[in-house]
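Hydrogens, waters and symmetry mates are skipped; everything else that's a heavy atom, side chains included, is used.
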Amino acid sequence: MNWTTLAGTALGALIGVGSTLLADRVRWRRDAGERNRQERRDIYVGCLTKYRLAYEAMHSAATVHRGQHTLDAAVREAFRASGCDEVRESALICAPQELSDVLEDVYVTLREFQEFFAAGDQPLDSPEFQEHRLKHGKAIWAARAAMRADLDR
């Protein structure tokens, strides 16, 4: 038996197995990265959606209970029931630090809205309200931009 034939066959088998393992590893890393990206995307969309629901619920409560002694409790309950605290925690755990800071800025503007709505001092078309809306809108746009940048990596 010729040893070169045996060695060539063994080397070919080794290269074939090695390249298959390498290709599987590359595919696994790519798939894992894509799953991770999709999970972050779902968390980010959920977070922004819940933040929006919190705003809408507080605005609605402030409109319905305006001038009533139940205004403060209704606005605070609307915020609690929105689920934005839970999704915020998920996002803060999963997101990179820079994005967590941006999401926290959005959350702070929601808390400011909560205080504004619960106080009931200003009409909902006042310049103070518009100032809060502008600040919140800028924070949301910054969060969206940071999310896109994170997902494009």
How long is the span from the NZ atom in K138 to the CD1 atom in I140, to the nearest 0.5 Å? 14.0 Å
Share the residues that join V108 in a hydrophobic cluster, the rule being Ile, Leu, Val, Met, Phe, Trp or Tyr side chains under 4.5 Å apart at the heavy-atom level. none
Over all heavy atoms of both residues, which pair between A78 and A61 is shortest? Give the atoms and the distance, please. CB-CB, 4.2 Å
Side chains of R52 and Y55: does their closest heavy-atom pair fall under 4.5 Å? yes
With side-chain contact (heavy atoms from CB on, under 4.5 Å) as the criterion, how do R76 and E115 come out once you've worked through the C-alpha distance, each side chain's angles and the decisive distance to 0.1 Å? CA-CA 9 Å; R76 293 184 191 288; E115 295 305 318; 3.0 Å; yes
So does R80 have more than 12 non-hydrogen atoms from other groups sitting under 6.0 Å from CZ? yes
S126 side chain vs Q122 backbone, donor-acceptor pair below 3.5 Å: no
Might you point out which heavy atoms bring L71 and G120 nearest each other, and give the distance in Å? CD2-CA, 3.5 Å
Distance col, row F117:CZ vs H65:NE2, nearest 0.5 angstrom, shows 13.5 Å
Over all atoms of both residues, closest heavy-atom pair of L124 and Q130: O-NE2, 4.2 Å
Kindly give the heavy-atom pair with the smallest separation between D72 and A118, and that separation in Å. OD1-CB, 3.1 Å
Are D150 and Y44 side-chain neighbours, meaning at least one heavy-atom pair lies under 4.5 Å? yes
With the side chain counted from C-beta on, respond yes when L103 and C47 share a heavy-atom pair under 4.5 Å apart, and no when they do not. yes
Inter-residue atom distance Q97.CD - D101.CG, 0.5 Å rounding: 4.5 Å
Listed by chain and number, what are the ring pair (Phe, Tyr, Trp, His ring centres under 6.0 Å) partners of H136, not counting sequence neighbours? F113
Shared ILVMFWY cluster between L151 and Y51, side chains joined below 4.5 angstrom? yes
Applying the side-chain contact (heavy atoms from CB on, under 4.5 Å) criterion to L110, which one of M58, H132, R88 satisfies it? M58
V87 versus I43, closest heavy-atom pair with distance: CG2-O, 4.3 Å
Testing V102, V106, L48 for side-chain contact (heavy atoms from CB on, under 4.5 Å) with R144, which one passes? L48
Tell me, with the steps shown, if E86 and K50 meet side-chain contact (heavy atoms from CB on, under 4.5 Å). CA-CA 9 Å; E86 294 82 358; K50 291 290 186 174; over 6 Å; no
So, taking the atom named OG in S90 and the one named CD in E39, what distance separates them when rounded to the nearest 0.5 Å? 11.5 Å
side-chain contact (heavy atoms from CB on, under 4.5 Å) assessment of F129 paired with H59: CA-CA 11 Å; F129 176 71; H59 186 275; 3.9 Å; yes
Pair Q38-R35, side-chain donor/acceptor within less than 3.5 Å: no
Any side-chain heavy-atom pair of L22 and S19 under 4.5 Å: no
Taking the side chain as every heavy atom from C-beta outward, state whether C84 and F79 have any pair of such atoms under 4.5 Å apart. yes
Flag yes if more than 12 heavy atoms outside E112 fall under 6.0 Å of its CD atom; otherwise flag no. yes
Do you know the tightest heavy-atom contact between G16 and T20? O-OG1, 2.8 Å
Under 3.5 Å, side chain of T9 to main-chain N/O of T5, donor-acceptor pair present? yes
Taking the side chain as C-beta and beyond, is there a heavy-atom pair between R25 and W28 under 4.5 Å? yes
